[in-house]
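These notes concern the structure reproduced below.
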Amino acid sequence: MPIIIDDVLFNYGEMQMHFDTKLPANRITSIIGPSGSGKSTLLNIIAGFEKPLSGKVMIDGEDMSNLAPSERPVSMVFQDNNLFAHLDVAQNVGLGRSSRLKLTPSDHIAVSKAIERVGLNGKEHRKPEALSGGERQRVAIARALVRQKPVLLLDEAFASLGPALRHQMLDLIDALQQENAMSVLMVTHTPEDALRLKTWLIFIENGHISATGEAAELLSPSGPQALQHYMGNQR
Ligand code: ADP
Ligand code: MG
């Protein structure tokens, strides 16, 4: 689904943000930029956790302005995966279908399928404390998957993982994106992630989008100077 960020204004106190861009449908878009530049704020506006002062978010041609987060075709995964410590893997995933865990037989089937798809079968009844960091992020991804929303937002979801695990998770997201024809937005600190998955790229600085394009082009030595600086290559 195409996502249009149409002239969105947003303020946190002194910090003024303006976002205006069109994201390609059924692809992965990486969002990179310095800490505090507004990356999470942009995701929160798309998810509906924050309201723009003006402008609007359109998803698949539909204006999201009057839709609550739960009514939007969007699910989100955070860096600290928001798992409930007292619930096991299957229950944490089940929350994606029903916030009160009132699951129908077809919900249970969806939960089992998602757990299997992220490689956690056999661990359905473990509590989060008995899982590794990578496994906990897989639970969070499975919970997003059972919601069957066409837009998936990942806010530095893999930042706490080591390189090998992060690559595994990225490859999983790549496969899931293709299987489910989702539009995925992922905030990452690591430009290499965008290159690995050959994504579209948005570069955010100080509350606005200062470059967009194919990651391979923007991150190449002939790409915008701001990105070269960000990556530590002075010219
Ligand atoms: P990023 O995700 O790129 O690190 P954020 O979108 O979280 O940046 O934050 C952008 C700016 O907004 C920062 O200056 C931050 O301090 C400020 N900010 C973020 N969340 C809030 C909030 N809930 N209240 C006030 N200011 C906030
Ligand atoms: Mg952030």
Side-chain angles (χ1 to χ4, degrees), residues 3-23 28-59 64-65 67-70 72 74-83 133-134 136-137 140-141 143-144 149 151-163 165-166 169-170 173 183-197 199-213 215 218-219 223-232:
I3 301 172
I4 297 172
I5 316 292
D6 182 10
D7 223 355
V8 163
L9 285 177
F10 187 82
N11 290 353
Y12 274 135
E14 299 281 273
M15 173 93 179
Q16 301 195 350
M17 306 189 213
H18 176 244
F19 301 112
D20 189 64
T21 193
K22 182 169 188 263
L23 302 174
I28 303 178
T29 296
S30 304
I31 303 177
I32 67 178
S35 182
S37 58
K39 305 181 296 296
S40 295
T41 304
L42 177 58
L43 291 198
N44 286 330
I45 288 170
I46 294 170
F49 299 124
E50 297 287 2
K51 273 207 172 304
L53 290 172
S54 63
K56 60 184 187 291
V57 173
M58 311 270 297
I59 299 180
M64 295 290 114
S65 302
L67 297 184
S70 63
R72 299 188 182 202
V74 174
S75 55
M76 192 157 169
V77 175
F78 303 89
Q79 178 172 348
D80 72 356
N81 38 55
N82 289 359
L83 301 185
R136 286 200 283 269
Q137 284 310 60
I141 291 168
R143 184 172 55 196
K149 304 280 188 170
V151 177
L152 176 63
L153 309 178
L154 304 163
D155 194 356
E156 299 189 38
F158 313 132
S160 63
L161 306 179
L165 257 183
R166 207 182 72 244
M169 302 303 285
L170 289 169
I173 293 299
S183 300
V184 178
L185 266 89
M186 66 174 194
V187 174
T188 175
H189 273 308
T190 317
E192 176 203 306
D193 292 354
L195 294 172
R196 181 182 184 88
L197 301 189
T199 72
W200 188 252
L201 179 69
I202 290 182
F203 184 58
I204 297 187
E205 284 181 295
N206 195 23
H208 68 275
I209 296 170
S210 65
T212 54
L218 292 189
L219 296 170
Q225 203 165 9
L227 270 152
Q228 292 292 308
H229 274 287
Y230 177 75
M231 291 190 297

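Whatever order the structure lists ligands and atoms in, that order sets their numbers, starting from 1. In this text, all values refer to a predicted model and were calculated from it rather than measured experimentally.
In summary, the side chains of E205 and S37 do not present any donor paired with an acceptor at a separation below 3.5 Å, with no hydrogens or angles considered. In this model, no donor atom of one side chain and acceptor atom of the other lie less than 3.5 Å apart for Q225 and Y230. A donor and an acceptor atom, one from each side chain of T21 and T212, are nowhere located under 3.5 Å apart.
Of the candidates I46, V151, L67, R72 forms a side chain to side chain contact (heavy atoms under 4.5 Å, CB included) with just one, namely L67.
Within the 3.5 Å criterion, the main-chain N or O of I3 finds no donor-acceptor partner in the side chain of K22. Within the 3.5 Å criterion, the main-chain N or O of P34 finds a donor-acceptor partner in the side chain of K39. The closest donor-acceptor contact from the side chain of Q137 to the backbone of A157 lies under 3.5 Å.
Remark: N206 CG to H18 NE2 distance equals 13.5 Å, nearest 0.5 Å. One finds the CD1 atom of I173 at 8.5 Å from the CE atom of M186 (value rounded to the nearest 0.5 Å).
From the protein, the heavy atom lying nearest to atom 18 (N) of ligand 1 is Y12 CD1, 3.2 Å. Looking only at protein heavy atoms, the nearest one to atom 4 (O) of ligand 1 is G36 N, 2.7 Å. Looking from atom 5 (P) of ligand 1 to the surrounding protein, the closest heavy atom is T41 OG1, 3.6 Å.
Residues K56 and S65 approach most closely at CB-OG, 3.6 Å, considering heavy atoms.
Closer than 4.0 Å to atom 7 (O) of ligand 1 lies at least one heavy atom of the protein. In this structure, atom 11 (C) of ligand 1 has a protein heavy-atom contact shorter than 4.0 Å.
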**Evaluation steps, side chain to side chain contact (heavy atoms under 4.5 Å, CB included), between M17 and L9** = CA-CA 6 Å; M17 306 189 213; L9 285 177; over 6 Å; no
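The closest approach between any non-hydrogen atom of P34 and ligand 1 is below 4.0 Å. Under a 4.0 Å heavy-atom criterion, G33 is not in contact with ligand 1.
For the pair S40 and ligand 1, the shortest N or O to N or O distance falls below 3.5 Å. On a distance-only criterion, G38 and ligand 1 share at least one N/O pair closer than 3.5 Å.
Distances below 4.0 Å separate heavy atoms of M17 from the following atoms of ligand 1: 10 (C), 11 (C), 12 (O). Atom numbering of ligand 1 starts at 1 in the shown order; those under 4.0 Å from a heavy atom of S35 are 4 (O).
Protein N/O/S atoms found under 2.8 Å from the Mg ion (ligand 2): S40 OG.
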